[in-house]
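Working notes, beginning with the structure itself.
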Amino acid sequence: MRQVMVAGNWKMNGSSESVKELIAGIKDGMASVTKAEVVVCPPAVYIPRVSGVADGSAIKVGSQNICDEDKGAFTGEISADMLKDIGCEYAIVGHSERRALYGESDELVAKRFAAARRNGIKPIFCIGETLEERESGVTNDVCSRQIDAVIALEGVEALTDGVIAYEPVWAIGTGKVATPEQAQDVHAFIRGKIAALNADVAEGLRILYGGSMNAGNAKDLIGQTDIDGGLIGGASLKAEDFLAICQAAE
Ligand code: 13P
């Protein structure tokens, strides 16, 4: 049985005060969340503060990115060791905003995945197609290519150490959520692709959906056979909304 997971990607939002309030609010509501694994990914500078408040609860903390190198002259980057040092168990890699706005290639994303893994941080590996790609019928090809970069570098077994987040770019921050059927189709394709290489890895791998997920649509999405949880942007910024998704996931 794959444990359902709900992860909040806070992106570049918040302040010292507001993140403290947000994490305290989530912590207060955690008594009603018994089955889902709950992860929050704050902006890097606020991770120590958030980890401090989350301490003693079941909430896990992740980063929004991770350096592909372990140490040295990499201005502006944050290493896996540093992230572990401040309480991170997870790291998002390959978010579409990193790919599109900061030019992260499939190969660089795979190297970031590898850095997380070799240092004991679990990657939340994001993949997904743009609207143009969906309309040209290449959704599965795009997801396949993004996954293949990781498999080429690390082997298919490496996927057991992380989770995949399928996030159609056209659904991120747009309010245009994929239908449960659309999402399930891609999730089933991803699992099938991995199963062709290693059935055990595919069976154990959690595949999250991300893109305009909220308290209203979470249950139908997560209810699909191959959808094992969500990676939430906007709706993770209010404790009440995020907790409602965690409860729906249960
Ligand atoms: P939204 O939930 O705001 O669409 O963002 C999804 C996302 O990008 C999570 O990583």
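Order of listing sets the numbers, starting from 1, for every ligand and every atom in it.
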Identified side-chain contact (heavy atoms from CB on, under 4.5 Å) counterpart of Pro42 within the set Asn9, Asn13, Ile47: Ile47
Is it the side chain, the backbone, both or neither of Ile172 that has a heavy atom closer than 4.0 Å to ligand 1? both
Do Asp226 and Gln184 meet the criterion of a side-chain donor-acceptor pair at a distance under 3.5 Å? yes
Distance only, no hydrogens: is a donor on one side chain within 3.5 Å (strictly under) of an acceptor on the other, for Glu129 and Trp170? yes
Any Ala235 heavy atom less than 4.0 Å from ligand 1: no
Looking at side-chain heavy atoms only, is the closest gap between Phe189 and Thr139 below 4.5 Å? no
At less than 4.0 angstrom from any non-hydrogen atom of His95, what atoms of ligand 1 do you find? 7 (C), 8 (O), 9 (C), 10 (O)
Under 4.0 Å from any heavy atom of Leu231, which atoms of ligand 1 are there? 9 (C), 10 (O)
Are Ile92 and Arg98 close enough that some pair of their side-chain heavy atoms sits under 4.5 Å apart? no
A student checking ligand 1 against Gly211 at a 4.0 Å heavy-atom cut-off should list atoms 4 (O), 6 (C)
Which residue supplies the protein heavy atom nearest to atom 3 (O) of ligand 1, what is that atom called, and how far is it? Gly234 N, 2.8 Å
Atom indices of ligand 1, in the order listed, that fall short of 4.0 Å to a heavy atom of Gly173: 1 (P), 3 (O), 4 (O)
In ligand 1, the atoms that come under 4.0 Å of a heavy atom of Ala171 are 4 (O)
Going by the atom numbers of ligand 1, which of them fall below 4.0 Å from some non-hydrogen atom of Glu167? 6 (C), 7 (C), 8 (O), 9 (C), 10 (O)
With heavy atoms and a 4.0 Å threshold, my read on which part of Ser96 contacts ligand 1 is neither
For Tyr209 and His187, take the angle between the two ring planes, folded into 0 to 90°, and tell me which bin it lands in: parallel under 30, tilted 30 to 60, perpendicular over 60. tilted
Take Arg2 and Glu203, measure what salt bridge (Lys or Arg N to Asp or Glu O under 4.0 Å) needs, and give me the verdict at the end. CA-CA 8 Å; Arg2 300 183 291 267; Glu203 183 54 36; 3.7 Å; yes
Among Gly128, Gly233, Gly230, which residue places a heavy atom closest to atom 2 (O) of ligand 1? Gly233
N/O of Ser212 under 3.5 Å from N/O of ligand 1, yes or no? yes
From CA spacing to verdict: salt bridge (Lys or Arg N to Asp or Glu O under 4.0 Å), Arg112, Glu77: CA-CA 11 Å; Arg112 293 191 191 277; Glu77 291 288 307; 2.8 Å; yes
